[in-house]
Participant: 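Please find one structure pasted underneath; my questions will follow.
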Amino acid sequence: VQLQASGGGRVQTGGSLRLSCVASGRIFRVDVMRWYRQAPGKERELVAGITSEYSTTYARSVKGRFTISRDNAKNMVALEMTSLKPEDTAVYFCNAIVTDYQTTRLVTDEYWGQGTQVTVSS
């Protein structure tokens with residue numbers, strides 16, 4: 001299983017960006033999908049998560065500004081980020097709990113996508 005993230009970039013304060021991430025491979029089921037971020041010198045933190053039933057959770061710092069969504073048919077998760085602030089600057093990572101076909105059995109594991117840089121300038 002691979003998670004491929006795209007989007008990100010550099011914007012000014014108050015701007016918007018959209019991140020997306022697609023899971024690929026011999027997938028049987030994708031459960032919760034999440035976005036994390038890691039700023040320089042800081043620990044990785046959970047930004048938002050969404051279950052396969054579309055239940056969502058957000059970090060307090062992004063609630064009301066970020067929206068997480070998913071397309072189960074495409075095994076895709078997106079993060080719409082608005083009203084961006086300099087403190088949102090970080091490398092963003094997608095994460096998913098995936099059950100896939102491995103030879104003759106199904107295996108559930110956690111996967112990470114490559115990071116994508118988001119830079120918000122003041």
Participant: Name all residues meeting the salt bridge (charged side-chain N to carboxylate O under 4.0 Å, His left out) criterion together with Glu110; count only those two or more places apart in sequence or in a different chain, and write none if there are none.
Facilitator: none

Participant: Take the angle between the ring planes of Phe28 and Tyr101 and call it parallel below 30°, perpendicular above 60°, tilted in between.
Facilitator: perpendicular

Participant: Report whether Val91 and Trp35 are members of the same hydrophobic cluster (ILVMFWY, side-chain heavy atoms less than 4.5 Å apart, transitive linking).
Facilitator: no

Participant: I'd like to know if the side chain of Thr89 reaches the main chain of Val120, judged simply by a donor and an acceptor atom lying under 3.5 Å from each other, with no hydrogens or angles considered.
Facilitator: yes

Participant: Identify the residue among Val47, Val62, Leu17 that makes a side chain to side chain contact (heavy atoms under 4.5 Å, CB included) with Met81.
Facilitator: Leu17

Participant: Among all residues two or more places apart in sequence or in another chain, which pass the salt bridge (charged side-chain N to carboxylate O under 4.0 Å, His left out) test with Arg29?
Facilitator: Asp31

Participant: Which pairs with one or both residues in residues 10-19 pass side-chain hydrogen bond (donor to acceptor under 3.5 Å, both in side chains), sequence neighbours excluded?
Facilitator: Arg18-Glu80

Participant: The test is side-chain contact (heavy atoms from CB on, under 4.5 Å); show your working for Val107 and Asp100 and say whether it passes.
Facilitator: CA-CA 6 Å; Val107 178; Asp100 67 317; 4.2 Å; yes

Participant: Determine, using ring centers only, whether Phe93 and Tyr36 are less than 6.0 Å apart.
Facilitator: no

Participant: Do Tyr111 and Val77 land in one hydrophobic cluster if side-chain heavy atoms of ILVMFWY residues count as linked below 4.5 Å?
Facilitator: yes

Participant: Counting distance only, does the side-chain N/O of Gln38 pair as donor-acceptor with the main-chain N or O of Ala90 below 3.5 Å?
Facilitator: no

Participant: For the hydrophobic clusters of this structure (ILVMFWY residues joined by side-chain heavy atoms under 4.5 Å, transitively), does one cluster hold both Val11 and Leu19?
Facilitator: yes

Participant: For Glu87, is the CD atom crowded, meaning more than 12 foreign heavy atoms sit under 6.0 Å from it?
Facilitator: yes

Participant: Can you name the residues that form a salt bridge (charged side-chain N to carboxylate O under 4.0 Å, His left out) with Asp88, not counting sequence neighbours?
Facilitator: Arg37, Arg65

Participant: Cluster question for you: counting only ILVMFWY and a side-chain heavy-atom cut-off of under 4.5 Å, with indirect links fine, are Leu106 and Val1 together?
Facilitator: no

Participant: Residues in side chain to side chain donor-acceptor pair (under 3.5 Å) with Ser20, at least two apart?
Facilitator: Ser6

Participant: Report the residues that fulfil salt bridge (charged side-chain N to carboxylate O under 4.0 Å, His left out) with Arg44, sequence neighbours left out, ordered by chain and then residue number.
Facilitator: none

Participant: Looking at Val30 and Arg70, what are the two nearest heavy atoms and their distance?
Facilitator: O-NH2, 3.1 Å

Participant: To the nearest 0.5 Å, how far apart are CD1 in Ile97 and CG in Asp109?
Facilitator: 7.5 Å

Participant: Heavy-atom count around Gln2 CD within 6.0 Å, excluding the residue itself: above 12?
Facilitator: no

Participant: Counting distance only, does the side-chain N/O of Asn72 pair as donor-acceptor with the main-chain N or O of Ser52 below 3.5 Å?
Facilitator: yes

Participant: Can you tell me how far the CE atom of Met33 sits from the OG1 atom of Thr56, to the nearest 0.5 Å?
Facilitator: 14.5 Å

Participant: Would you find a donor on one side and an acceptor on the other, under 3.5 Å apart, between the side chain of Tyr58 and the backbone of Ile68?
Facilitator: yes

Participant: When rounded to the nearest 0.5 angstrom, what distance separates CZ in Arg34 from SG in Cys94?
Facilitator: 12.5 Å

